[in-house]
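Sequence lines set the chain letters: A, B, ... in the order given, protein chains first and strands last, and positions in each chain run from 1. Hydrogens, waters and symmetry mates play no part in the numbers below; they use all other heavy atoms, side chains included. Since this is a predicted model, take the numbers as computed values, not measurements.
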2 protein chains.
Amino acid sequence: MIKINILENDLDINNCPVRKVLDRFGDKWSLLVLLILGKKETLRFNEINKEIGQDISQKMLTVTLRTLEADGYLKRTSYPEIPPRVEYTITDLGKSLFPLIDNLEKWAKVNMSAIEKSREKFMKS
Amino acid sequence: MIKINILENDLDINNCPVRKVLDRFGDKWSLLVLLILGKKETLRFNEINKEIGQDISQKMLTVTLRTLEADGYLKRTSYPEIPPRVEYTITDLGKSLFPLIDNLEKWAKVNMSAIEKSREKFMKS
DNA sequence: CAGTATCCACCCTGATACTG
DNA sequence: CAGTATCAGGGTGGATACTG
């Protein structure tokens, strides 16, 4: 149990709200899937797969979608047809993340070159 | 090489600015160390260690500090005394992250209960 | 089409011991 | 004090084969 003082509150790292969010988007694919669904609203499994490219395995796409669904960032709708059809739609909760992501992106674009220069300098020392 | 369309641009996931940021803070300790240094400005190695608690190993604290230093989020100053003294100070770049973290925290506090309810509901189904 | 199931490799992390 | 070196375990992610 980690106890620290952050921003004037005693926080347990396992209950830290920021960590709880980042734990879901620190993984390899969640953010990507969300952004893709943000653009298209609704997509089928294979459509998401193609949008990402062949670099994601079916397994990881399934795992990622299930996690995002569990948290309520997207909705999964299965149509009992043959062949099966499953649609994934972003929710309002999912959409509400986009301003945060935008901010991250803007910050990154402004500061990334400084960070990369810092890394290079650090390597050489 | 992953090619996707996000936000009207062709993005390679490895060059995605958001991922580049999150890759650094998706880890277990970086954010914590930054926030601690944000409060105190300057701290010694063992002071950071105590602030976090005994849950972080010396090794991981070292690794985390080195990474943050490499990116330019903090500055490391070593005083060649015996016993040695090393001070870590947050930089302006490091400080510039705090508004983003604040936003994440606010978002998390607003939405976390909904997310947790969603998770519980998902478990039962 | 939209998955599961299984196995495997790697990397992150921690524990421990040692050092300038 | 502030590390480094080494080893070990677990979990994430990937490859492949199979299925309702």
Practice task
Only counting residues at least two apart or in another chain, list the ones meeting salt bridge (charged side-chain N to carboxylate O under 4.0 Å, His left out) with B:E69.
Solution key: none
Completion exercise
Among the nucleotides D:dC1, D:dG13, C:dC1, whichever has the atom closest to the side chain of A:P84 is C:dC1
Practice task
Give the rounded distance in Å between these two atoms: CG of A:L61 and C1' of D:dT12.
Solution key: 16 Å
Completion exercise
Residue set satisfying salt bridge (charged side-chain N to carboxylate O under 4.0 Å, His left out) with A:E120, at least two apart, ordered chain then number -> none
Exercise for the section: Could you note down all residue pairs passing salt bridge (charged side-chain N to carboxylate O under 4.0 Å, His left out) where residues 85-99 of chain B supplies at least one of them, sequence neighbours left out? Expected result: B:E41-B:K95, B:E81-B:R85, B:R85-B:E87
Practice task
Kindly indicate whether the side chain of B:V86, heavy atoms from C-beta on, has any atom under 4.5 Å from the side chain of B:R76.
Solution key: yes
Handout entry: Interatomic distance where CG belongs to A:N49 and C1' belongs to C:dA2 [whole Å]
Key = 10 Å
Problem - Rounded distance (Å) that lies between atom P of D:dA2 and atom CD of B:E81 - result: 10 Å
Problem - A:K39 with A:E51: basic N within carboxylate O range, under 4.0 Å - result: no
Exercise for the section: Only counting residues at least two apart or in another chain, list the ones meeting salt bridge (charged side-chain N to carboxylate O under 4.0 Å, His left out) with B:D71. Expected result: A:R119, B:R24
Handout entry: Pairs touching residues 75-117 of chain B that satisfy ring pair (Phe, Tyr, Trp, His ring centres under 6.0 Å), sequence neighbours left out
Key = none
Completion exercise
Rounded to whole Å, NZ of A:K28 lies from C1' of D:dG11 at a distance of 15 Å
Practice task
Please state how far atom CZ in B:R24 lies from atom C1' in C:dC12, giving the value in whole angstrom units.
Solution key: 14 Å
Exercise for the section: Classify the nucleic acid contact of A:D27 as base, sugar-phosphate or nothing, counting any heavy atom under 4.0 Å across all strands shown. Expected result: sugar-phosphate
Exercise for the section: Can you tell me which stems DNA chain C forms, taking runs of 3 or more consecutive Watson-Crick or G-U pairs with both distances under 3.5 Å? Expected result: C:1-20 with D:1-20
Exercise for the section: Using whole Å, report how far CZ of A:R85 lies from C1' of C:dC1. Expected result: 11 Å
Handout entry: Non-neighbouring partners of A:K75 that pass side-chain contact (heavy atoms from CB on, under 4.5 Å), sequence neighbours left out
Key = A:T77, A:T91
Problem - Between P of C:dA2 and CD1 of A:I56, the distance in whole Å - result: 14 Å
Pairs: protein N or O with nucleotides 3-7 of chain C N or O, under 3.5 Å:
residue: C:dG3; atom: OP1; partner: A:R66; partner atom: NH2; Å: 3.2
residue: C:dG3; atom: OP1; partner: A:R76; partner atom: NE; Å: 3.4
residue: C:dG3; atom: OP1; partner: A:R76; partner atom: NH2; Å: 2.6
residue: C:dG3; atom: OP2; partner: A:Y88; partner atom: OH; Å: 2.5
residue: C:dG3; atom: N7; partner: A:Q58; partner atom: OE1; Å: 2.8
residue: C:dG3; atom: N7; partner: A:Q58; partner atom: NE2; Å: 2.7
residue: C:dG3; atom: O6; partner: A:Q58; partner atom: OE1; Å: 3.1
residue: C:dT4; atom: OP1; partner: A:R66; partner atom: NH2; Å: 3.2

Problem - Proximal nucleotide (of C:dG14, D:dG14, D:dA2) relative to the B:R44 side chain - result: D:dA2
Practice task
Could you pull out all residues at least two apart from A:N103 that satisfy side-chain contact (heavy atoms from CB on, under 4.5 Å)?
Solution key: B:L100, B:N103
